[in-house]
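What follows is a set of notes on a single structure, which appears directly below.
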Amino acid sequence: LRHLTSLQLDLGWSTECIRRLEFDECVDIPGRPIGRDLVETCLLNGQHQLATFLLSRGLSLSPAVQSSAECQESLKQCLTTKLLDATDVGGVDSRVQPMEEEDETDGGAVSHGPVAAGWDNLGLCKMSPSWFPNPGMVVQLNLSDNKIRALPADVLAALPCLVSLNLSYNELEALEMPANHQCLTSISASNNKLKSLSPNVFQLPKLSTLALSQNQLVSLCCHDDHSNCPDLVKSSPLSTVDMSCNLLRKSICPLQYLPHLSDISVAKNELVSLPVKWKTKTFRKLNASYNKLEDFMDSKTINVPDCSVSFGTLDTLNLSNNCLKFVPLVACAFPLLTS
């Protein structure tokens, strides 16, 4: 296989025949040019099962293949084989009712179950709404471990019933989100290159979990005076937020105004202070370890009763590896704090 070129590939080979070959040498070749040629040749010649098998063995789609007009239909069919019944992978909200798709053959509506798209680790550098055969049925989309630099707004607009979105381990520099998406409950975009965050993320009506660790975020607010933060998130259902391993320095606004916040991590940033007042009354876990905190919420002048309103339900507080010069005794006023 080391000396095999696309022109020499016998397209009559079955998947079983390919399985008997030793692919390790091909996969380990720097740049994997042979692997890309194999996948492209299979797609161009309609060998979708063989192309899918090669992708499952670690070969990836080259940018040229993804942009090739000749490959689009074959690529769509290849990706379709990686669509799973969402009830088998779990995590689907039973209240989500996927849209019925029109059958182009007779114009009638055909009923399908919810679908999960497992398109991780394929070398994807772009996304196209046209790759989804029945976009109204997709409730989970896993695009992790690819090379995606931007997610066009029309992709999410084409997936009205999407519940879970995984974009971790890509090359995203910005996260744009339509504010009117009605079904998204979970977004993971950890391990990217995010430098900015669309305010629309905080206005998604059902979003409860947001994971943005290991990025390059310096601020979460579009305005320096933070004047619009309370109104921005007043209706947000966000309860779990992971902003660890970013570059947050002066503020974590608008997070302190989230009314249903329960679990938050801002560990491994560059924060020098934390907000004194938080909107939430369901706070349970706060991880602010590995920052540059010299004090805990200005504990010398803090009003303990006011603090207890925000932190009365807190049971876990992590302030390790900061620059604290004395024990924040105000934490003793938190009635449910156990760790």
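In what follows, every heavy atom counts, from backbone to side chain, and hydrogens, waters and symmetry copies are set aside. Just so we're clear, the structure is a prediction, and the values are computed from it rather than from any experiment.
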Under the side chain to side chain donor-acceptor pair (under 3.5 Å) test, which residues partner [X], sequence neighbours left out?
X      : value
Asn269 : none
Trp119 : none
Asn318 : Ser320
Ser168 : Asn166

Please name all residues satisfying salt bridge (Lys or Arg N to Asp or Glu O under 4.0 Å) with Glu270, sequence neighbours left out, ordered by chain then number. Arg249
In Å, rounded to the nearest 0.5 Å, how long is the span from [atom1] of [X] to [atom2] of [Y]?
X      : Y      : atom1 : atom2 : result
Ser188 : Leu165 : OG    : CG    : 8.5 Å
Leu248 : Cys253 : CG    : SG    : 11.5 Å
Asn321 : Asn291 : CG    : CG    : 10.0 Å
Ser239 : Ile264 : OG    : CD1   : 11.5 Å
Leu204 : Cys183 : CG    : SG    : 11.0 Å
Ile252 : Met243 : CD1   : CE    : 9.5 Å

Does NZ in Lys285 sit with more than 12 non-hydrogen atoms of other residues, nucleotides or ligands closer than 6.0 Å? yes
Any donor-acceptor N/O pair, [X] side chain to [Y] backbone, under 3.5 Å:
X      : Y      : result
Asn287 : Ser289 : yes
Asp315 : Leu337 : no
His181 : Val163 : no
Asp145 : Asn121 : no
Thr209 : Thr240 : no
Ser208 : Thr185 : yes
Asn146 : Leu124 : yes
Asn170 : Asn192 : no
Asn191 : Tyr169 : no

Let me see the working for Trp131 and Gln66 under side chain to side chain contact (heavy atoms under 4.5 Å, CB included), right down to the final yes or no. CA-CA 11 Å; Trp131 292 351; Gln66 297 174 54; 4.3 Å; yes
Give me the atom names and distance for the closest heavy-atom approach of [X] to [Y].
X      : Y      : answer
Lys279 : Pro259 : CG-CA, 4.0 Å
Leu156 : Met177 : CD1-SD, 3.1 Å
Leu212 : Asn246 : O-ND2, 3.0 Å
Thr80  : Pro133 : OG1-CG, 3.8 Å
Thr282 : Leu261 : OG1-O, 3.1 Å
Asn322 : Ala288 : ND2-O, 3.1 Å

Quick one: does [X]'s side chain get under 4.5 Å of [Y]'s, heavy atoms only?
X      : Y      : answer
Val233 : Leu238 : no
Leu184 : Lys206 : no
Pro199 : Leu232 : yes
Leu197 : Phe202 : yes
Asp295 : Leu293 : no
Leu317 : Leu286 : yes

Are [X] and [Y] joined in one hydrophobic group, where the rule is that I, L, V, M, F, W and Y side chains link up if heavy atoms are under 4.5 Å apart?
X      : Y      : answer
Leu83  : Leu141 : yes
Leu324 : Val266 : yes
Val201 : Ile148 : yes

Could Arg149 and Glu171 be called an ion pair, given the rule that one side-chain N must be under 4.0 Å from one carboxylate O? yes
Whether Asp263 and Arg284 form a salt bridge (side-chain N of Lys/Arg under 4.0 Å from carboxylate O of Asp/Glu) is what I want to check. no
Just grab all the side chain to side chain donor-acceptor pair (under 3.5 Å) pairs involving residues 324-339, residues at least two apart or on different chains. none
Give the C-alpha distance, both sets of side-chain angles, the deciding distance and a yes or no for side chain to side chain contact (heavy atoms under 4.5 Å, CB included) between Leu122 and Leu79. CA-CA 10 Å; Leu122 294 178; Leu79 292 174; 3.6 Å; yes
Qualifying residue for side chain to side chain donor-acceptor pair (under 3.5 Å) with Ser190, from Ser244, Ser213, Ser144: Ser213
Passes side chain to side chain contact (heavy atoms under 4.5 Å, CB included), Leu336 versus Leu314? Steps please. CA-CA 6 Å; Leu336 300 182; Leu314 195 71; over 6 Å; no
Please step through side chain to side chain contact (heavy atoms under 4.5 Å, CB included) for the pair Leu151 and Leu167, ending with a clear verdict. CA-CA 9 Å; Leu151 187 69; Leu167 295 166; 3.9 Å; yes
Using the six-membered ring of Tyr290, assess whether NZ or CZ of Lys268 lies under 6.0 Å from its centre and within 45 degrees of the ring axis.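 Yes, Lys268 lies over the aromatic ring of Tyr290.
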